[in-house]
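Below: one structure, written as structure tokens.
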Amino acid sequence: MHKEFLMGNEAIALGAIAAGVNLAAGYPGTPSSEVLETVAKRRVPGTYVEWSVNEKAAMEVAAGAAYAGARVMVTMKQVGLNVASDPLMSLEYIGVKGGMVVLVADDPGPISSQTEQDTRHFAAFSKVPCFDPCSAQEAYEMVQEAFDYSEKYGTPVFLRPTTRVCHGYASVTVKEAEEYRVNRPEGFVKDSGRWVIFPRLSLRNHEKIEARNETLSEDFSSYERNRIYPSGGRGAASGFGTAAGRDDASGTDSCGGTGKKGIAAGGISFTYAMEALKDSPQPARLFKVATPFPFPEKLALQFLYGLDEVLCLEELDPVIERELTYLCGKHHLPVKIYGKLTHHVKNAGENSRDSVNQNIADFLGDAAGQEDISRPLAQSASQPPSQSASQPSSQSVSQPSLPVRPPVLCAGCPHRASFYAVKTAMKGKKTIFCGDIGCYTLGNAMPLDMVDTCLCMGAGLGIAQGVGRIEPDTSCFAFVGDSTFFASAITGVVNAVYNQANMTLVVLDNSTTAMTGHQPHPGTGRTVMGDVTAKVSIEAVLRGIGVSVVETVNPLDLSASVACVKRVAAEPGVKAILFRSPCIAITKPSGCLRIDQDRCIRCGKCIRELGCPALVTDNGRVCVDASLCTGCGFCAQVCPVDAIRKPSGAQPDAGAGPAQAGAGEGNGNPAQSCGGGDGNE
Amino acid sequence: MNKNIILCGVGGQGTILASKLIAAAAMKKDIPVMSAETIGMAQRGGSVFSYVRIGEGICSPMIARGTADLILGFEPGEAVRMLPYLKPDGQMVVSSRAIMPVTATLSGSSYSGDAMIAYLREQVRGLYVVDGEQACREIGSPKVLNILLLGAAAESGALGFTEEELREVIKERLPEKFHEINFRALSYAREQKETDHFRTEAL
Ligand code: SF4
Ligand code: SF4
């Protein structure tokens with residue numbers, strides 16, 4: 001054993017490696033992506049890792065390997081599970097031979113997602129057991145236990161961390177390589193009665209699954225990560241890992257337990273509750289739910305007996321709250337259950353230390369002047385920090401209003417140029433611009449304002465077709481990124497060609513999966529294991545489908561791009577433009593531009609029309625921020641008086657690769673931008 | 001040692017690297033540490049933060065309001081935004097250079113970094129203002145603000161790690177070609193103070 005400072009996702013990956021994972025497959029999606037990347041980076045020889053083309057493909061590849069007895073992991077974010085749900089729903093009926101952990105990262109907030117969907121519901125819906133870790137250390141250990149449960153019961157299992165567990169870092173105690181489990185898959189054994197899904201088999205297996213989940217509920221009641229604090233004899237110190245887990249002997253005492261009030265919590269909210277109770281003068285019994293499905297009913301009953309009131313603290317949906325409410329009804333327990341359903345806890349958005357502190361203070365009634373809990377909390381906690389009452393000292397100067405900082409496309413981003421070219425070419429025409437999922441969704445911001453719709457991966461193509469059916473005089477555009485194209489846009493193109501739609505597909509090909517951290521995809525010619533592979537050509541795919549007009553252009557060449565858009569959009573039927581220019585985070589900046597203040601007429605066109613974060617005003621002058629500019633040169637083509645130029649004699653930057661602002665921050669190399677740093681001269 | 005530290009700024013300013021270095025310094029001394037940071041869409045020019053929690057008995061990487069011992073503000077507006085998290089007797093090291101959001105540049109509605117600093121002076125007893133722009137120019141790179149602020153925090157004593165300890169982790173974690181410039185950034189605050197040019201004020 002040794003300690004490493006790990007992101008929750010890295011801890012999960014190392015846990016899977018320690019459990020002897022033979023194959024891992026996934027599709028990138030915040031907050032899940034680092035899991036697969038870390039399995040690839042730290043894998044032991046013989047492990048196979050792939051970025052699949054989408055989550056469904058990943059699930060199927062993993063299922064095959066699990067049929068052959070391999071230990072497998074599938075990784076995705078919560079909305080990715082929607083894509084993978086088709087194989088998963090059926091796979092649960094078939095079962096697995098090798099252990100299978102389906103890692104689905106939920107995103108309360110949502111911070112980087114379209115929905116706040118709760119995978120714990122999906123677990124109950126698909127009947128797949130679900131593990132919900134509360135910390136990086138627990139996630140490390142839990143993933144290993146999840147593999148054991150999966151094999152013991154022959155079922156895939158969910159590991160469902162949330163953003164703060166995925167992306168939080170901690171010093172985690174991990175195994176040495178010699179302690180890793182070695183799993184040697186037996187291979188696929190033919191047995192059509194087992195592996196071929198037919199209605200009769202489904203019925204039989206459905207009965208088995210229901211019985212198994214009842215057994216699992218019992219089993220989970222003695223799973224040491226489901227716990228009641230103070231523990232009253234249950235389980236030794238190996239509670240929930242890390243500092244808190246290790247010293248929980250003292251920690252739990254301070255939680256008390258003699259009162260008639262209890263708190264039930266899961267995931268990161270449990271750690272918030274733990275910290276709140278440590279500081280609370282009021283005792284409360286605390287129930288940690290680590291397996292929301294099947295719910296550990298027996299243990300929950302132990303928790304409920306003797307209590308008058310219970311507050312449920314969880315993110316996303318009221319899963320624990322419903323289970324406890326149901327149990328109280330089933331067993332006629334006179335316990336009031338509070339939470340989201342009773343409006344004592346907000347029912348959307350993520351919990352914070354402060355919101356949980358407030359919820360607990362209100363519940364335990366130790367906040368001065370707090371009324372009875374039966375009054376639902378209107379909007380006590382989680383105000384934006386700027387409105388807090390805890391200012392340290394006098395208020396003689398009122399707080400200046402704070403800047404709003406919506407996320408924007410990076411300086412030098414080729415998507416900005418692509419959007420600008422289409423906008424310029426289509427000016428005055430009746431258009432709709434259907435966007436999609438990726439950095440380029442940010443094209444909706446002013447001043448570009450080039451995303452009229454965005455729904456889910458690949459949906460823009462269908463939406464453009466649908467709008468075109470109702471409004472035939474509208475020029476319908478669908479913008480899709482390269483990774484999204486492969487993941488889920490191809491069927492949309494086939495649909496358009498087959499059904500003779502009239503639309504322009506715009507592929508924003510920046511040669512990477514940028515938003516999620518620059519993963520390779522089928523068009524890049526690289527794999528996550530570092531191998532060189534055949535590139536799948538987007539042009540060839542489109543031509544193969546029957547798209548007759550396919551033009552490729554460099555978006556940073558403004559006039560060529562505008563001409564291309566005009567030409568292609570005028571064609572009938574389904575046609576495609578490929579804007580091809582790599583993401584600035586995977587290329588070296590080429591030395592920043594500078595504005596010749598003698599030439600600049602201060603018209604502001606560059607700022608007003610492009611919104612590049614590197615173009616700033618300084619005392620009425622327009623300047624280039626040297627620490628941000630990548631030297632893409634696009635603004636120089638927009639300036640009417642040719643005032644934006646490369647400084648004469650500027651050297652291409654020798655700095656270290658992807659140290660650009662925004663996307664590349666994690667790389668950390670404080671590389672020098674172009675000499676001098678005199679952007680605001 | 002128990003410390004809650006917040007680093008805040010604008011995506012791309014290097015807050016994450018700085019928090020990693022603090023965590024590495026803690027790991028080196030075998031002190032438990034947890035951290036959390038902004039990842040994903042908000043990194044693209046949005047407000048970003050890192051929390052670093054050091055010491056025994058912490059359960060989560062998140063920091064509650066009014067409990068931060070130290071805030072490293074990479075940008076004055078962002079420092080004001082995180083102010084409610086500072087303990088009443090907490091300390092703050094802040095760069096005075098404001099970064100205008102693109103929206104402000106577009107609408108011409110910029111805000112004043114000076115007003116933010118004035119407000120902070122009013123609110124924070126242990127405030128250290130660093131002229132980040134001037135310093136980066138002297139050091140020779142716009143990208144070393146993170147190390148500069150770390151150095152200033154170490155120099156003020158609020159960080160709980162010494163310049164020497166930070167130097168060690170920089171050596172271990174950054175490519176060698178960046179060592180020299182980062183060492184310069186790290187010692188900048190101390191040297192400026194010694195030569196009495198450093199605009200450090202503890203109110
Ligand atoms: S060249 Fe112009 S558009 Fe490109 S990054 Fe620099 S300032 Fe922005
Ligand atoms: S477009 Fe050219 S002239 Fe107009 S403000 Fe920008 S640099 Fe100056």
Side-chain angles (χ1 to χ4, degrees), chain A residues 5 30-31 111-112 164 167-171 243-244 247 268 271-272 274-275 352-354 357 385-386 388 390-394 396-397 399-400 402-410 442 446-447 515 607-608 611 613 616-617 626-627 656 659 661-663 665-666 668-673 677, chain B residues 10-12 14 16-17 23-24 27 32-37 39-47 56-66 77 80-82 84-86 88 100-106 111 115-116 118-119 122-124 136-137 141-144 146-147 174-175 178 182:
Chain A
F5 188 62
T30 311
I111 299 173
S112 318
R164 299 297 176 197
H167 283 167
Y169 281 80
S171 32
D247 67 10
I268 195 81
T271 66
Y272 298 166
M274 195 78 179
E275 299 212 47
S352 66
R353 289 282 309 282
D354 297 303
N357 284 348
S386 55
S388 162
S390 64
Q391 301 287 348
S393 66
S394 70
S396 60
V397 180
Q399 183 189 299
L402 292 170
V404 187
R405 293 189 199 277
V408 290
L409 292 170
C410 299
L442 296 174
M446 296 306 278
M515 180 53 101
I607 288 187
R608 221 175 37 245
V616 295
T617 49
S627 67
E665 193 194 36
N669 299 336
Q672 268 180 277
S673 183
Chain B
V10 178
I16 293 180
L17 175 67
M27 288 288 287
V33 52
M34 284 187 156
S35 76
E37 62 207 29
I39 290 185
M41 199 177 249
Q43 270 176 280
R44 313 274 187 274
S47 304
E56 299 290 341
I58 38 175
C59 304
S60 85
M62 307 304 281
I63 293 177
R65 279 194 206 142
V80 172
R81 200 190 302 279
M82 294 309 269
Y85 285 83
L86 195 64
M100 292 302 146
V102 181
T103 44
T105 308
L106 279 170
Y111 67 97
M116 296 288 172
Y119 178 71
E122 200 53 47
Q123 300 289 320
V124 184
C136 286
R137 193 171 310 154
S141 163
K143 305 257 176 190
V144 295
N146 50 3
I147 308 296
L174 296 191
F178 298 123
N182 280 302

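Owing to the predicted nature of the structure, the values given are computational and were not obtained by experimental measurement. Protein chains get the first letters and strands the later ones, always in sequence-line order, with residue 1 at the start of each.
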Using modelled atom types and a 3.5 Å cut-off, is there a donor and acceptor pairing between side-chain atoms of [X] and backbone atoms of [Y]?
X        : Y        : result
A:Glu275 : B:Cys59  : yes
B:Arg81  : A:Pro403 : yes
A:Ser171 : B:Val33  : yes

**Item:** Side chain, backbone, both or neither of A:Ile268 within contact of chain B (heavy atoms, under 4.5 Å)
**Value:**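 A:Ile268 touches chain B through side-chain heavy atoms alone.
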
**Message:** Report which part of B:Met62 has an atom under 4.5 Å of a heavy atom belonging to chain A: side chain, backbone, both, or neither.
**Reply:**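 Both backbone and side chain of B:Met62 come within 4.5 Å of chain A.
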
**Item:** Residues forming a side-chain contact (heavy atoms from CB on, under 4.5 Å) with B:Ala64, sequence neighbours excluded
**Value:**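 Per chain and number, B:Ala64 pairs via side-chain contact (heavy atoms from CB on, under 4.5 Å) with A:Arg353, A:Asp354, A:Asn357, B:Thr67.
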
**Item:** Pairs of heavy atoms under 4.5 Å with chain A: top-ranked of B:Ser60, B:Ala36, B:Pro61
**Value:**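 Heavy-atom pairs under 4.5 Å are most numerous for B:Ser60.
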
**Prompt:** Between CE of B:Met116 and CD of A:Gln399, what distance do you get to the nearest 0.5 Å?
**Reply:**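 So the gap between those two atoms works out to 7.5 Å.
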
